[in-house]
Amino acid sequence: MTSSATAASFRYRHRHLLGIEGLSPDEITLLLDLAGSYVEQNRAAEKKSDLLRGRTVINLFFENSTRTRTSFELAAKRLGGDVINMSADVSSVKKGETLIDTAMTLNAMLPDVLIVRHPDSGAVKLLSEKVNCAVINGGDGTHEHPTQALLDALAIRRHKGRLQGLTVAICGDILHIRVARSNIHLLISMGARVRVIGPPTLMPSAIDRLGVEVFHDMKAGLIDCDIVMMLRLQLERMQGAFVPSTREYFHFYGLTREKLALAKPDALVMHPGPMNRGVEIDSEVADDIDRSLIREQVEMGVAVRMACLDVLTRNSLRNAAGDER
Amino acid sequence: MTAQRVEPGARGGPPLALVNVRLLDPASNTDQRGGLVISDGTIAEVGPHLARAGAVAGIEAIDGDAACLAPGLVDMRVQLREPGEEHKETFATASTAAAGGGITSMVALPNTHPVIDDAALVESIARRARETSRVRVFTYAAVTRGLAGKEMTEFGLLAAAGALGFTDGLHPVANSQVMRRALFYASTFGKVIIQHPEDPGLGGNGGMNAGEIATRLGLPSIPPLAEVMQVERDLRLAQMANGRLHIPHVSTGAAINAIRRAKARGGKVTCDTAPPYFALNEIAVGDYRTFAKLSPPLRGESDRRAVIEGLKDGTIDAIASDHAPQDQEAKRLPFAQAAVGMIGLETLLCISLDLVHNKHLTLLDMLRKMTVAPASILGLPYGKLAKGAPADLVMFDPERAWKIAEKDFRSKSKNSPFDGRPVQGRVMRTWIAGRTAFALAA
């Protein structure tokens, strides 16, 4: 497996993973295939390998996160790497250090991979230009969250056997939730049909130009869908600025069993978490083990992040070897 | 003590003849071979009879070798950052840049620290400019105290001290009642109100034009509608108050249409745009390039074309540099946090010449928009090649090709989205009151 994985990593042509936009279908398939093999490793009793032995991975989070950070941490540890977690609360960021200075400082410690989450769109790209190591975007502003889109795709592929030709509805706050954009790019690139469903106040301008169909009526949008992806509605957006109230939002855009019945009979439900039960999703749907992929998404997350770390560190090894020659 | 030799043409010096040039004077619709004599800082003689080298005997002459000679440019919109942000720009650095760009008069926005909202501050700008600037510097004063949008400043006293007009800079006066009164009151003194064209509510925290690119980049955006909303309101208020309104840096077809209609109704309205709005579109933002973060934001291609149409049919009266220097600390940031603006003094003429090379405007019409047109909006006696006028001049070669390079900028800040762009047209020499303010190294 190792040699074929090495060969495969030659097919991933980037130093970083900054977003899904810009990845080829071949590169996406490579990451998903590799992640699939890590699902098996994670389910075995012996979960650890030593691919990243001696390598340093820094989790640099300028925004609160438990799930994503833990998932990356676990992924790096399962591959035998050393992991350091830095969050904005304890770092020099609060003392006024600029993003670029932080990048330079960390770069001087010679990490192999930096995983970065930042509240501003484009901040991870800016940081990646100032460091020598590989950078993984752990979510930037309202731009992209590539590993979340990859894990969603892996979960879908394992259940439906394919992405090509599926109809996927992404429902909720398309404007602010970054994984919506990553999922749109990935699914369209892999040949799925994508619908976005939500109130006009939560739709970015010209979203149709990304190749999606736009629905403001959830019931119409769900008809014949294979996958229903729900997005989180953040509390500060429910109180009048974007939607009038939680109650009204749930009535029109919350996923209930009745609304789900409009999708295909075998349609599956996803949510990137953390869920607001009773706001965007009814507990009855979220906890239905026959329809909900929500728990499995979390499992896939670790495998996908192992695959990303694998490909990026192999790439850097290869580059280093190339430099010596 | 030995007497220092005074430069020919300058005040107190011997006269100077500029012969064998292409005279371009938009004020008199002149575009012909000729020459000009400068005496004691003013234009003593001008006309086709001075075309031949040797046309004037007995005085020192420069043979222009058929280069263009035009009135020095009048830039009606610059941010000089002095006082308060001298690490970004000063009168000294900005005026060196301006002279290099053929600009002989520039008008500063009052959004400095402190804000120019008091007559003493207007006077201090004039004094400081006299001491340190190579070019003529004028200033606007704030419409409201501290740019806060609430209390009117002392228009009469500020105008008497030299303020050419009133503006709150990049903040529109949001309150319609305050704006109405400002337009009314300014008309007492014959002064113009200059209002940033963006509805603050719709503009919100946006940093780039709304549309597909902003959506792909995940950036908070400003709809083009925000411009016409503000412009339409102000046009109505100006009509009601019978006041003079100038709308700077228009960037959308919708706003230009609104201004076109207002002008047809006979409204006392004028407007300008700046080179990025006809030379670039939102694609320049690319992968979060903060040098392309401007206010108003760079728009889509159809709006860029509409700006060119507005320049062609005369709806847009003037072109200004919209010079807005920002240092590295203000621009090397995530896009949403980065400051807006670009430097423009040194690229105003060469980028605007694209309009001539692409046959959108004649050379004379292009020059009109940066000489006599802004001068007459502001009541300045500059921007023409007339006998007795101050000898503020620019000599340039409209064909000469060169490449804009960051390292060559004379501005203290280097934030230009035009870095690396090949252009045609180069300033060779600039005179202010007959004194050489810039000469291109051979």
Side-chain angles (χ1 to χ4, degrees), chain A residues 16 18-22 62-63 93 96-104 116-130 137 139-146 173-182 184-185 188 196 202-212 214 241-242, chain B residues 87 199 201-229 252 254 281-293 296-303 326-340 415:
Chain A
H16 309 298
L18 299 177
I20 299 293
E21 192 175 20
F62 294 92
E63 209 179 62
V93 176
E97 189 177 70
T98 69
L99 180 64
I100 288 174
D101 288 339
T102 306
M104 308 279 231
V116 187
R117 169 170 287 191
H118 197 283
D120 285 319
S121 300
V124 179
K125 162 139 203 319
L126 178 66
L127 187 142
S128 76
E129 289 163 358
K130 310 291 171 189
N137 183 356
D140 65 321
T142 54
H143 177 224
E144 283 229 41
H145 189 358
D173 187 356
I174 312 291
L175 181 61
H176 298 102
I177 302 294
R178 51 195 160 216
V179 72
R181 285 173 182 67
S182 294
I184 290 167
H185 294 311
I188 286 182
V196 292
L202 293 174
M203 284 291 168
S205 59
I207 185 76
D208 55 310
R209 297 290 296 271
L210 271 54
V212 300
V214 182
F242 292 90
Chain B
H87 57 290
D199 179 281
L202 286 173
N205 63 347
M208 81 170 286
N209 191 44
E212 181 185 349
I213 297 175
T215 292
R216 281 182 189 276
L217 295 174
L219 290 173
S221 58
I222 304 166
L225 182 71
E227 183 165 292
V228 72
M229 291 286 289
T252 63
N281 65 22
E282 60 189 344
I283 291 170
V285 172
D287 246 347
Y288 305 100
R289 284 189 66 209
T290 58
F291 280 11
K293 182 177 179 182
L298 290 170
R299 305 289 186 183
E301 179 59 12
S302 63
D303 280 324
Q326 298 290 0
D327 63 355
Q328 294 257 354
E329 280 62 47
K331 284 287 194 184
R332 284 178 67 195
L333 291 170
F335 195 88
Q337 292 177 30
V340 295
N415 54 307

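Fair warning: this is a prediction, and the values are worked out from it, not measured in the lab. Chain letters run A, B, ... following the sequence lines, proteins first, then strands; residues in each count from 1. Atoms considered below: every heavy atom in the structure, side chains included; atoms not considered: hydrogens, waters and symmetry mates.
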Report the distance from atom CD1 of A:I184 to atom CZ of B:R216, rounding to the nearest 0.5 Å.
9.5 Å
Can you confirm whether B:F335 sits close enough to A:H143 that some side-chain heavy atom of one is under 4.5 Å from a side-chain heavy atom of the other?
no
Part of A:D208 within contact of chain B (heavy atom distance under 4.5 Å):
neither
Whether the side chain of A:S121 engages the backbone of B:G218 through a donor-acceptor N/O pair (distance < 3.5 Å, no angle test) should be reported.
yes
Chain B contact via A:I100 - which portion, at a heavy-atom distance below 4.5 Å:
side chain
Where does A:H185 contact chain B at under 4.5 Å (heavy atoms): side chain, backbone, both or neither?
side chain
Roughly how far, to the nearest 0.5 Å, is CG of A:L99 from CG of B:L333?
8.0 Å
Gap between atom CD1 of B:I222 and atom OG of A:S205 - 0.5 Å precision:
11.5 Å
Minimum side-chain heavy-atom gap B:D287-A:K125 below 4.5 Å:
yes
A:D120 vs B:Y288 side-chain heavy atoms within contact, under 4.5 Å
no
B:L225 atom CG, neighbour heavy-atom count above 12 within 6.0 Å:
yes
Return the set of residues passing side-chain contact (heavy atoms from CB on, under 4.5 Å) with B:V340 (not counting sequence neighbours), or none when no residue passes.
B:L170, B:K293, B:S295
Short question: side chain of B:T215, backbone of A:I207 - any donor-acceptor pair under 3.5 Å?
no
